[in-house]
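One structure below.
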Amino acid sequence: MKEIKINKDIYTGPKIFLKRLHQTNKIPKNINICNPDNFSIKQARNKKDSDQVLIARLDGTYFYKFTIKEMIGFLGSRGYLKYKKDNLGESIEPSRRLTKAINRALNNNIKWLISNSEGVIFQSQFSKNLVDKFLDTSNLQKFSIINNGVNLDEYNPSLNDHRWKEYYPNLLISASSYRPQKRLNDAIKLVNSLSKIYPKIHLHVLGNVNKAVKEELVSLDLSRSTFHGKISLEDLPSFYSSCDLQLHLALFDPCPNVVVEGLASGLPVVTPRLSGAYELIQYQKDWSIEENSEIDYYENHRPWAFPSIDLLSYEQKLIPLIENIDQNKEIARDIAERNLNIDYISSKYIYFINQVTGNLDEETT
């Protein structure tokens with residue numbers, strides 16, 4: 001497998017969405033909509049005594065199962081240890097109490113943000129379910145559930161430049177960085193299996209691949225997959241619109257920006273139901289799979305440790321979708337137009353901000 005260089009860019013999904021939100025010019029300047037990353041929290045702490053109104057914006061939580069090998073992988077991913085090839089096999093979890101304690105520490109930013117904000121915006125009901133389970137926030141009063149959104153002129157099916165005419169169907173999978181939880185290895189196996197029916201099928205992989213995932217890919221046939229690496233924000237729309245459908249196989253993903261972008265580009269998105277992506281596709285049962293997994297602690301820094309998909313179930317879901325691809329693409333774009341327009345999403349943000357700040361008058365309601 002050709003070495004895939006890792007881009008150190010930290011311009012991740014949450015930051016991209018906030019940029020899109022602020023580009024609508026509807027968010028007041030004294031409103032700080034804050035993600036729980038270290039940089040944003042540091043800025044919020046520094047402005048704590050100013051006139052800023054802090055609004056928390058949450059994806060989900062950390063929920064890593066800290067076995068011995070997971071701990072090694074975790075420390076390696078953060079540069080505290082030199083990454084070593086995992087020898088696979090089982091690994092012992094020394095203590096569930098230790099697992100919970102480390103996750104509590106990792107979630108400190110989220111807890112601080114909830115405690116110090118005027119209100120909390122969850123990006124999906126699934127996002128709230130994760131935070132409720134792992135941080136015990138079920139009694140939270142001031143919150144709203146608002147999906148991510150995108151500029152529907154920027155992401156549009158009409159941008160298709162037919163760059164991959166030699167392939168059909170063209171499948172896309174996208175992430176800022178692939179960890180085992182994203183299940184890129186399963187996407188590749190799924191495409192290879194479907195090649196028995198669709199000999200020209202191809203998978204386009206957008207985003208960086210971390211070392212644990214690279215280990216998963218070493219033994220796979222990659223001849224039907226192209227690794228495009230990190231794509232600039234300017235070029236992303238044409239990549240999406242040039243494909244036929246999207247795979248988003250990640251479990252427990254609260255509200256993936258990439259799914260919003262795919263739907264706006266007219267891509268039906270195949271996803272597990274235990275994910276915020278299922279809400280984004282408006283609970284389309286023809287595009288989704290009920291997997292036999294539960295919300296719990298999982299190893300996410302080791303190759304082959306994360307639950308795999310059932311290939312046959314996904315094949316049976318994809319074949320009729322491909323056979324009716326034009327109709328399904330229209331459904332995808334319609335979902336985006338009705339629910340994911342960034343102007344519509346920003347108006348929901350403004351409504352919630354007015355609620356928690358007491359600026360909601362009778363005319364607004």
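All values derive from a computational prediction rather than experimental measurement. Heavy-atom basis, side chains included; hydrogens, waters and symmetry copies ignored.
Considering I345, L340, V260 in turn, V260 is the only one that fulfils the side chain to side chain contact (heavy atoms under 4.5 Å, CB included) rule with N148. Of the listed residues (D253, V213, I173), just one forms a side chain to side chain contact (heavy atoms under 4.5 Å, CB included) with K182, and that residue is D253.
Nearest heavy atom pair, residue P272 against residue A250, reads CG-O, 3.5 Å. Residues F227 and L222 approach most closely at CE1-CD1, 4.1 Å, considering heavy atoms. Heavy atoms only, all atoms of each residue included: L220 and N185 are closest at CD1-O, 3.8 Å. A pairwise comparison of heavy atoms in L159 and S241 identifies C-OG, 3.3 Å as the closest pair. Shown here for P169 and I322, the closest heavy-atom pair between the two residues is CG-CD1, 3.9 Å. Looking at every heavy atom in both residues, K15 comes nearest to S40 through NZ-OG, 4.2 Å.
Panel note: side chain T99, backbone F66; a donor-acceptor pair is recorded below 3.5 Å. Formation of a donor-acceptor pair under 3.5 Å by the S117 side chain with backbone atoms of V120 is not found in this model. Under the 3.5 Å distance criterion, the side-chain polar atoms of N208 are left unmatched by any main-chain donor or acceptor of S177. Not a single donor-acceptor pair under 3.5 Å links the side chain of S265 to the backbone N or O of L267. Side-chain atoms of D86 never come within 3.5 Å of backbone atoms of P303 as a donor-acceptor pair (strictly under, hydrogens ignored). Judged by distance alone, with hydrogens and angles left aside, the side-chain atoms of S288 form a donor-acceptor pair with the main-chain N or O of Q284 at under 3.5 Å. Not a single donor-acceptor pair under 3.5 Å links the side chain of N107 to the backbone N or O of I110. Between the side chain of R333 and the backbone N or O of A264 there is at least one donor-acceptor pair closer than 3.5 Å. Judged purely by atom type and a 3.5 angstrom limit, E118 has no side-chain atom pairing as donor or acceptor with the backbone of T357. Using modelled atom types, no side-chain atom of N341 and backbone atom of R338 make a donor-acceptor pair closer than 3.5 Å.
A cation-pi arrangement, defined by a distance under 6.0 Å to the six-membered ring centre and an angle within 45 degrees of its axis, is present between K128 and F143.
Look at K42 and D37 and you find no salt bridge, because none of the NZ, NE, NH1 or NH2 atoms lies under 4.0 Å from a carboxylate O. A salt bridge does not link K329 to D326: none of the charged nitrogens lies less than 4.0 Å from a carboxylate oxygen. In this structure, K211 does not pair ionically with E215, as no charged nitrogen and carboxylate oxygen lie closer than 4.0 Å. Taking 4.0 Å as the cut-off between side-chain N and carboxylate O, K317 and E291 do not count as a salt-bridged pair. A salt bridge links E261 and R20; the closest N-O separation between the charged side-chain nitrogens and carboxylate oxygens is under 4.0 Å. Salt-bridge formation is detected for the pair E93/R96: a Lys NZ or Arg NE/NH1/NH2 atom is positioned less than 4.0 Å from an Asp or Glu carboxylate oxygen.
A ring-centre distance under 6.0 Å is found for F252 and Y298. Checked against the 6.0 Å centroid criterion, the rings of F134 and F63 qualify as a close aromatic pair. Note: Y80 and F74 fail the aromatic proximity criterion, with ring centroids not under 6.0 Å apart.
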Check step by step if side-chain contact (heavy atoms from CB on, under 4.5 Å) holds for T67 and E299.
CA-CA 8 Å; T67 65; E299 296 174 280; 2.6 Å; yes
Start with the C-alpha gap between N339 and N147, add the side-chain angles, then the distance that decides, and say whether side-chain contact (heavy atoms from CB on, under 4.5 Å) holds.
CA-CA 8 Å; N339 303 291; N147 295 148; 5.7 Å; no
Is there a ring-ring contact (aromatic ring centres under 6.0 Å, His included) between H204 and F239 once you walk through the steps?
CA-CA 9 Å; H204 299 276; F239 272 79; 8.0 Å; no
Kindly indicate, with the supporting measurements, whether the criterion side-chain contact (heavy atoms from CB on, under 4.5 Å) is fulfilled by E216 and L184.
CA-CA 9 Å; E216 294 181 328; L184 175 59; 5.9 Å; no
Would you check, one step at a time, whether the test side-chain contact (heavy atoms from CB on, under 4.5 Å) holds for N103 with T61?
CA-CA 8 Å; N103 279 283; T61 65; over 6 Å; no
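D343 and S346 share no donor-acceptor pair across their side chains, judged by distance under 3.5 Å alone. Side-chain contact of N38 with N109: a donor-acceptor pair under 3.5 Å is present, judged by distance alone. N170 and R163 share no donor-acceptor pair across their side chains, judged by distance under 3.5 Å alone. Residues S174 and Y240 have side chains that bring a donor and an acceptor to within less than 3.5 angstrom of each other. Checked by atom type, the side-chain pair S225/H202 shows no donor-acceptor distance below 3.5 Å. Counted by atom type alone, N30 and Q52 present zero donor-acceptor pairs between their side chains at under 3.5 Å. For the residue pair D132 and T137, a side-chain donor N or O sits within less than 3.5 Å of a side-chain acceptor on the partner. For the residue pair N192/R224, the side-chain donor-acceptor check at 3.5 Å is satisfied. A side-chain N or O of Y278 and one of K285 form a donor-acceptor pair less than 3.5 Å apart.
Neither L58 nor I55 shares a network with the other; the hydrophobic side chains, linked directly or stepwise wherever heavy atoms of I, L, V, M, F, W or Y lie under 4.5 Å apart, form separate groups for each. No continuous path of ILVMFWY side-chain contacts below 4.5 Å connects L106 to L113, so the two sit in separate hydrophobic clusters. Cluster annotation: F122 and I31 are assigned to distinct hydrophobic clusters (Ile/Leu/Val/Met/Phe/Trp/Tyr, side-chain heavy-atom contacts under 4.5 Å, transitive). Under the 4.5 Å side-chain contact rule for hydrophobic residues, I335 and L245 share a cluster. At a threshold of 4.5 Å between side-chain heavy atoms, the hydrophobic network of Ile, Leu, Val, Met, Phe, Trp and Tyr places Y351 and L18 in two separate groups.
Relative orientation of the H228 and W164 rings is tilted, given thresholds of 30° and 60° on the angle between their planes.
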